[in-house]
Amino acid sequence: MRLTRYHMPTLKEKPAEAEIPSHQYLLRAGMIRKLASGIYSFLPLGWRVVKKIINIVREEMDRAGALEVFLPIVQPAELWQESGRWNVFGKELLRFKDRHQRDFCLGPTHEEVIVDLVRGEVRSYKQLPLNLYQIHTKFRDEARPRFGIIRAREFIMKDAYSFDKSWEDLEVSYQKMYEAYCRIFKRCGLDFVVVEAETGAIGGDVSHEFMVWADTGEDVIVFCEKCGYAANRERASFAFEKSPSEEAPKTPEKVHTPNVRTIEEVSSFLGVEPSRLLKSLVYRTSAGEFVLFLVPGDRELNEAKAARALGVEALEMALPHEVLEIAGASVGFVGPCNLKKRVKIVADRTVEGRVNFVSGANEDDYHVVNITPGRDFEVDLYADVVFAEEGDRCPNCGELLRFSRGIEVGHIFKLGTKYSSAMNATFLNEDGKEKPFIMGCYGIGVTRIAAAVVEQKHDENGIIWPITIAPFEVSLVATNMKNETVREIAENLYEAFVESGIEVLYDDRDERAGFKFKDADLVGIPIRVTVGERSAKQNKVEVKLRRSQDVEVLPVEKVLDRVMELRQMLYRELEP
RNA sequence: CGGGGCGUAGCGCAGUUUGGCAGCGCACCAGCUUCGGGAGCUGGGGGUCGCCGGUUCGAAUCCGGCCGCCCCGACCA
């Protein structure tokens, strides 16, 4: 491709809206443009990158035995009402009416549609296993889109759905996807880690996320360097050994603490370590029941863990008036003793066996000190309901856990029968019995991969694309188009590259060398071939990799072979 | 949804405090010079100053309302 015939609107200055490298460079390199908050257009160069990612994803999905389909983005409300998610999904689901006033939504994910499709087509266990996937636009009306195409409202996703006759078979389907995902991310040039993850609104029991290491990531990865344990902080467990307190339980005592509410305030007012306070939080479960959670003052309640411990779908903080009804005191003075209404009490496991805690007295402006679980109040359940913190130890091997940030590029779930049961999607098994499909679902953020790669592969001059997803393989720079020798060599090389099937972007613009180098570095094409005046006189050109400072000066006739060699080397590095 | 910031040419910004010709740099067009790390000079084109309303002889500037965008948090397959 000749640059004079191409559209590559690079920007010298950093756009005001962009904060992180991927957003800045994708805009500056002329790859994306914003249409509205969280909604982006892809320009020719950016779209070439996305298409290459799509091709890799498609090759690996096909290789894993999945079958490509194409499902509608506009989906009728009835399907979502049937699965129960029409009322659960919240504002992320963009809803609207057609001309007949019928409710529709834009698909944020496609479980409903795929289950509807498969239940009408598949009747027998002989047709299983089945794994259907698509690469398509998703729309999620995010509360706060951010970071360019990392968290966009409209984005391209690969989503796959497996249907099996048994849990054993699901395990096989899941493992195939796990391996396909590893191959995909390796080929895209990403340094990633697979972590145990929360399932969120998609549901199911087991899930893994594929995380790309990046300081700008929104997720926190908790991992162990010794044994390889890795989990999203939302899910991460940590080692805890119950050690009965040496202290003798003292007598509870009510103390006046006027307007002292937060952990910090109580801690400094009473001169007590935060770890001795019992943070008392009232929640309402999705089943409509109220629960009081007790966690040490220096720890944070993890709602996902808490919901799982109770076996409920979701938890919501109780409203101030509900707290008042249950505790008889306002927020800040709630505690487990003398609750006005008896509710279930769940304490974090780190509380068990310890004595002499401080908590709210369930009376405004009063706290109570020296309370001990089991004696002064009953705990209905001890469970792991808090986040892992710096300093906690690995649940597997006891090594100190490490914390790092990451970008989620893939997520795989064992769904089980959540959707097939709700939507009555069944098949006949070997015994002629009707059974719901055992499902899995598997997502990859295709456009997010492009951004994640830039986050990981860039320097102060721009992007450094892995060759597998680079918009072009070779950047051919003619330093001066007015110089006959330079132009002739460059034109001949261009023809040779094209004939050899090399994807080359030939900078044949009438610009100065420095200008072209800056653009080439910004856009990040992995191999650069430079035809300059001085070496051209000796019939030589320069070959350089974007990621390196080293320059090779070669006779013109050797350049094609050398470029083919480098290209092959770069692809080899990224083979799974 | 809570808090903060911003909105002036395609991009980056000044001008708003104290009302009085709508500006600068980059980019774009033409010409000349230049030519290995975002060139110089000369000339030129491009604006509902986010929108609506109000105050005023006069509003980018003051007042009211609305909209959009970004950041932090909450939320989030």
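Residue numbers start from 1 in every chain, and the chains themselves are labelled A, B, ... in the order their sequence lines are given, proteins ahead of strands.
With sequence neighbours excluded, the residues satisfying side chain to side chain contact (heavy atoms under 4.5 Å, CB included) with A:Lys279 are A:Ile263, A:Leu281, A:Val295. Residues forming a side chain to side chain donor-acceptor pair (under 3.5 Å) with A:Asp519 (at least two apart in sequence, or on another chain): A:Thr10, A:Arg509. For A:Glu473, the salt bridge (charged side-chain N to carboxylate O under 4.0 Å, His left out) criterion is met by A:Arg567, not counting sequence neighbours. A:Asp141 meets the side chain to side chain contact (heavy atoms under 4.5 Å, CB included) test with A:Leu94, A:Phe139, A:Arg153; sequence neighbours excluded. Every side chain to side chain contact (heavy atoms under 4.5 Å, CB included) that A:Glu198 has, sequence neighbours left out, goes to A:Glu234, A:Arg235, A:Ala304, A:Arg308.
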With B for base contact, S for sugar-phosphate-only contact and - for none (protein heavy atoms under 4.0 Å), nucleotides 3-8 of chain B reads ------
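Applying the 3.5 Å distance criterion, the base of B:G36 shares no donor-acceptor pair with the side chain of A:Asn480. No donor-acceptor contact under 3.5 Å links the side chain of A:Asn461 to the base of B:G37. The base of B:G38 sits within donor-acceptor range of the side chain of A:Arg28, with an N or O pair under 3.5 Å. Side-chain N/O atoms of A:Arg509 and base N/O atoms of B:G38 include no donor-acceptor pair closer than 3.5 Å.
Side chain of A:Lys305 to backbone of A:Ala236: a donor-acceptor contact under 3.5 angstrom is found.
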Identify all pairs in which a protein N or O lies below 3.5 Å from an N or O of nucleotides 12-16 of chain B, and state each distance.
from, atom 1, to, atom 2, distance (Å)
B:G12, OP1, A:Ala16, N, 2.9
B:G12, O2', A:Glu13, OE2, 3.4

Below 3.5 Å is the cut-off: list the nitrogen or oxygen pairs between protein and nucleotides 28-34 of chain B, distance only.
from, atom 1, to, atom 2, distance (Å)
B:U34, O2, A:Arg512, NH1, 2.8

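When both distances must be under 3.5 Å, the Watson-Crick or G-U wobble mate of B:C28 is B:G44. Nucleotide B:G38: unpaired (no Watson-Crick or G-U wobble partner with both distances less than 3.5 Å). When both distances must be under 3.5 Å, the Watson-Crick or G-U wobble mate of B:G2 is B:C72. Base pairing of B:C66 is made with B:G50, judged by Watson-Crick or G-U wobble geometry with both donor-acceptor distances under 3.5 Å.
Using a 4.0 Å cut-off on heavy atoms, none of the residues of residues 449-460 of chain A approach RNA chain B. Heavy-atom distances under 4.0 Å link RNA chain B to A:Gly532, A:Glu533, A:Ser535, A:Glu542 of residues 531-546 of chain A, given in residue order. Only A:Lys34, A:Ala36, A:Ser37, listed by number, bring a heavy atom of residues 29-39 of chain A to less than 4.0 angstrom from any atom of RNA chain B.
Heavy atoms of A:Asp159 sit nowhere under 4.0 angstrom from any nucleic acid atom. No contact: A:Glu218 has no heavy atom under 4.0 Å from any strand. Counting any heavy atom pair closer than 4.0 Å across all strands shown, A:Tyr442 reaches no nucleic acid atom.
One C1' atom belongs to B:C66, the other to B:C24, and the distance between them is 32 Å to the nearest Å. Rounded to whole Å, the C1' atom of B:C28 lies 8 Å from the corresponding atom of B:G45. B:G40 and B:A22 have their P atoms separated by 30 Å, with the value rounded to a whole Å. With C1' as the reference atom, B:G46 and B:A30 are 15 Å apart, rounded to whole Å.
Rounded to whole Å, atom C1' of B:A74 lies 13 Å from atom CD of A:Glu316. For the pair A:Gln24 CD and B:C71 P, the computed distance is 11 Å after rounding to whole Å. B:C70 atom P lies 11 Å from atom CG of A:Leu27, rounded to whole Å. Atom-to-atom, CD of A:Glu92 to C1' of B:C75 comes out at 8 Å; the value is rounded to the nearest Å. As a whole-Å value, the separation of A:Glu142 CD from B:C1 P is 15 Å. Rounded to whole Å, the distance from CD1 on A:Ile150 to C1' on B:C71 is 15 Å. A:Leu11 places its CG atom 15 Å from the P atom of B:A9, with the value rounded to the nearest Å. The distance from atom CE of A:Met481 to atom C1' of B:C35 is 13 Å, rounded to the nearest whole Å.
In this model, no donor atom of one side chain and acceptor atom of the other lie less than 3.5 Å apart for A:Lys14 and A:Tyr25.
Using cut-offs of 30° and 60° for the angle between ring planes, the A:His136 and A:Phe70 rings count as tilted. Ring-plane geometry between A:Phe185 and A:Phe210 is classed as tilted, the angle between the planes lying from 30 to 60 degrees on a 0 to 90 degree scale. In this pair, A:Phe96 and A:Phe104 present their aromatic rings parallel. The plane angle is below 30°, not in the 30 to 60° band. Ring pair A:His208/A:Tyr178 is perpendicular by interplanar angle, where above 60° counts as perpendicular and below 30° as parallel.
Contact annotation: A:Arg144 side-chain N/O to B:C71 OP1/OP2 distance is under 4.0 Å. The phosphate of B:A27 (OP1 or OP2) has a side-chain N or O of A:Lys12 nearer than 4.0 angstrom.
Taking the charged nitrogens against the carboxylate oxygens, A:Glu542 and A:Arg534 have no contact shorter than 4.0 Å, which rules out a salt bridge. A salt bridge does not link A:Asp219 with A:Arg233: none of the charged nitrogens is closer than 4.0 Å to a carboxylate oxygen. Taking the charged nitrogens against the carboxylate oxygens, A:Arg151 and A:Glu142 do have a contact shorter than 4.0 Å, which makes a salt bridge. A:Arg119 and A:Glu82 are joined by a salt bridge, as a carboxylate oxygen and a charged side-chain nitrogen come within less than 4.0 angstrom of each other. Ion pairing of A:Arg5 with A:Asp508 is absent here, as no side-chain N (NZ or NE/NH1/NH2) approaches a carboxylate O to less than 4.0 Å.
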Can you give the donor-acceptor pairs under 3.5 Å from side chains of residues 438-454 of chain A to other protein atoms, not counting sequence neighbours?
from, atom 1, to, atom 2, distance (Å)
A:Tyr442, OH, A:Ser162, OG, 2.7
A:Thr447, OG1, A:Ile156, N, 3.2
A:Arg448, NE, A:Ile150, O, 2.8
A:Arg448, NH1, A:Glu408, O, 2.8
A:Arg448, NH2, A:Ile150, O, 3.1

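Under the 6.0 Å distance and 45° angle rule, A:Lys34 does not count as a cation-pi partner of A:Tyr40. Geometric assessment of A:Arg547 against the ring of A:Trp465 yields a negative cation-pi assignment under the 6.0 Å and 45° thresholds.
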(request) Check step by step if side-chain contact (heavy atoms from CB on, under 4.5 Å) holds for A:Glu455 and A:Ile407. (result) CA-CA 9 Å; A:Glu455 283 303 318; A:Ile407 300 168; 3.9 Å; yes
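Nearest-nucleotide mapping onto RNA chain B: of A:Val551 and A:Lys91, the residue sitting toward the 5' end is A:Lys91.
Closest non-hydrogen pair, A:Asn480 versus A:Glu533, comes out as ND2-OE2, 3.5 Å.
Distance from the side chain of A:Lys518 is smallest to B:G38 among B:A74, B:G36, B:G38.
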